[in-house]
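See structure below.
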Number of protein chains: 2
Amino acid sequence: MAASTKPLILSILKEGKSYGYLIIQKVKDLSGGILEWSDGMLYPVLHRLEKEGYIESEWMISENGRRRKYYSITEQGKLELIAEKEDWLSVQAVLAKLWGILPTE
Amino acid sequence: MAASTKPLILSILKEGKSYGYLIIQKVKDLSGGILEWSDGMLYPVLHRLEKEGYIESEWMISENGRRRKYYSITEQGKLELIAEKEDWLSVQAVLAKLWGILPTE
DNA sequence: GCAATATACATTGAATATCTATGTAGATAT
DNA sequence: ATATCTACATAGATATTCAATGTATATTGC
């Protein structure tokens with residue numbers, strides 16, 4: 001389910017700028033190793049989100065001389081995240097009912 | 001987000017057989033009117049899920065003479081639902097962390 | 001010093017998914 | 001009568017997905 005990439009990426013970037021490789025690590029980390037994204041899957045999504053204006057990028061050189069493309073969320077991206085969150089929680093609420101579990105807050 | 005159609009449809013059919021039009025009503029109902037699926041969106045998904053063996057169908061005639069195609073979940077579909085549920089909850093758990101809300105159970 | 005691994009980004013392209021528009025048809029309500 | 005509701009279906013343009021492949025530098029282990 002790669003449909004979850006959008007809210008996940010936007011949510012991560014809302015916490016501060018990050019770059020492709022680190023985002024993959026972060027997702028793996030937060031999920032306890034369950035979610036393992038490939039780079040070939042992520043980069044096209046980042047490019048698309050940038051093209052759509054939800055995130056923006058800037059090249060930077062890290063301490064060790066490695067080049068990285070840092071992404072940050074835009075104002076438009078923050079609005080989009082709010083909409084994505086609403087959508088997600090709507091579905092989540094229905095599934096929670098069907099599965100007999102508590103809805104999130 | 002039509003990626004949620006699969007777990008939603010399988011979850012609804014796990015509660016008992018149903019048909020296209022009623023599934024749309026059920027989703028609208030459970031979501032308090034938020035999720036409004038079009039029939040042109042749903043039917044191809046039903047056909048695909050049947051082709052993949054997760055659900056099966058039979059034509060029936062309702063009390064008022066209307067023809068309906070009832071779908072039921074298969075054993076394979078039940079297994080798939082378990083997997084889908086796991087996937088969903090994995091993403092849900094990560095989003096819950098990022099959003100600072102409680103994870104579902 | 002060399003090989004293996006980790007870091008870091010990018011694109012191509014085939015396969016698949018999405019969903020609007022459109023069509024059919026009978027039932028019910030006004 | 002006519003509008004609305006019930007009920008299913010497909011075509012096809014558009015978008016998405018992701019594995020495979022390619023480039024390049026840094027670090028670690030031996």
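The analysis underlying the following values was restricted to heavy atoms, covering all of them including side chains, and did not include hydrogens, waters or symmetry mates.
Counting to the nearest Å, the C1' atom of D:dA9 and the CG atom of B:L46 are 12 Å from each other. Rounded to an integer number of Å, the gap from A:I9 CD1 to D:dT16 C1' is 13 Å. Regarding B:M41, its CE atom lies at a distance of 17 Å from the P atom of D:dT10, rounded to whole Å. Put simply, NZ on B:K26 is 15 Å from P on D:dA7, counting in whole angstrom units. One interatomic measurement links the two molecules: CD1 of B:I61 to C1' of D:dA7, which rounds to 11 Å at whole-angstrom precision. Counting to the nearest Å, the C1' atom of C:dC19 and the CD1 atom of B:I24 are 13 Å from each other. Summarising the geometry, the separation between NZ on B:K6 and P on C:dT16 is reported as 13 Å, rounded to the nearest angstrom. Computed from coordinates, the B:L49 CG to C:dT18 P distance equals 10 Å when rounded to whole Å.
Within 6.0 Å of atom NZ in A:K14, 12 or fewer heavy atoms from other residues, nucleotides or ligands are found, so the atom counts as exposed in its surroundings.
Look at B:K69 and B:E58 and you find no salt bridge, because none of the NZ, NE, NH1 or NH2 atoms lies under 4.0 Å from a carboxylate O.
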I'd like a table of atom pairs between the protein and nucleotides 6-10 of chain C - only N or O on both sides, under 3.5 Å - with the distance next to each one.
from   : atom 1 : to    : atom 2 : distance (Å)
C:dT7  : OP2    : A:Y21 : OH     : 2.1
C:dT7  : O5'    : A:Y21 : OH     : 3.0
C:dT7  : O3'    : A:R66 : NE     : 3.3
C:dT7  : O2     : A:R66 : NH1    : 2.7
C:dA8  : OP1    : A:R68 : NE     : 2.7
C:dA8  : OP1    : A:R68 : NH2    : 2.5
C:dA8  : OP2    : A:Y19 : OH     : 2.9
C:dC9  : OP1    : A:K69 : N      : 2.8
C:dC9  : OP1    : A:K69 : O      : 3.4
C:dC9  : OP2    : A:G20 : N      : 3.3
C:dC9  : OP2    : A:Y21 : N      : 2.9
C:dC9  : OP2    : A:Y43 : OH     : 2.9
C:dC9  : N4     : A:D39 : OD2    : 2.9
C:dA10 : OP1    : A:K69 : NZ     : 2.7
C:dA10 : OP2    : A:H47 : NE2    : 3.0

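Between the side chain of B:S62 and the main chain of B:R66, a donor-acceptor pair closer than 3.5 Å is present.
Side-chain proximity of B:S38 to C:dA17, C:dT20, D:dC18: nearest is C:dT20.
Of the candidates B:E75, B:E80, B:R48, B:E84, B:Y54 forms a side chain to side chain contact (heavy atoms under 4.5 Å, CB included) with just one, namely B:E80.
Side-chain contact between A:W37 and A:I9 is present, with at least one heavy-atom pair separated by less than 4.5 Å. Using a 4.5 Å heavy-atom threshold, the side chains of B:Q76 and B:E56 count as separate.
Across all strands shown, the partner of C:dT30 is D:dA1, judged by Watson-Crick or G-U wobble contacts whose two distances both fall under 3.5 Å.
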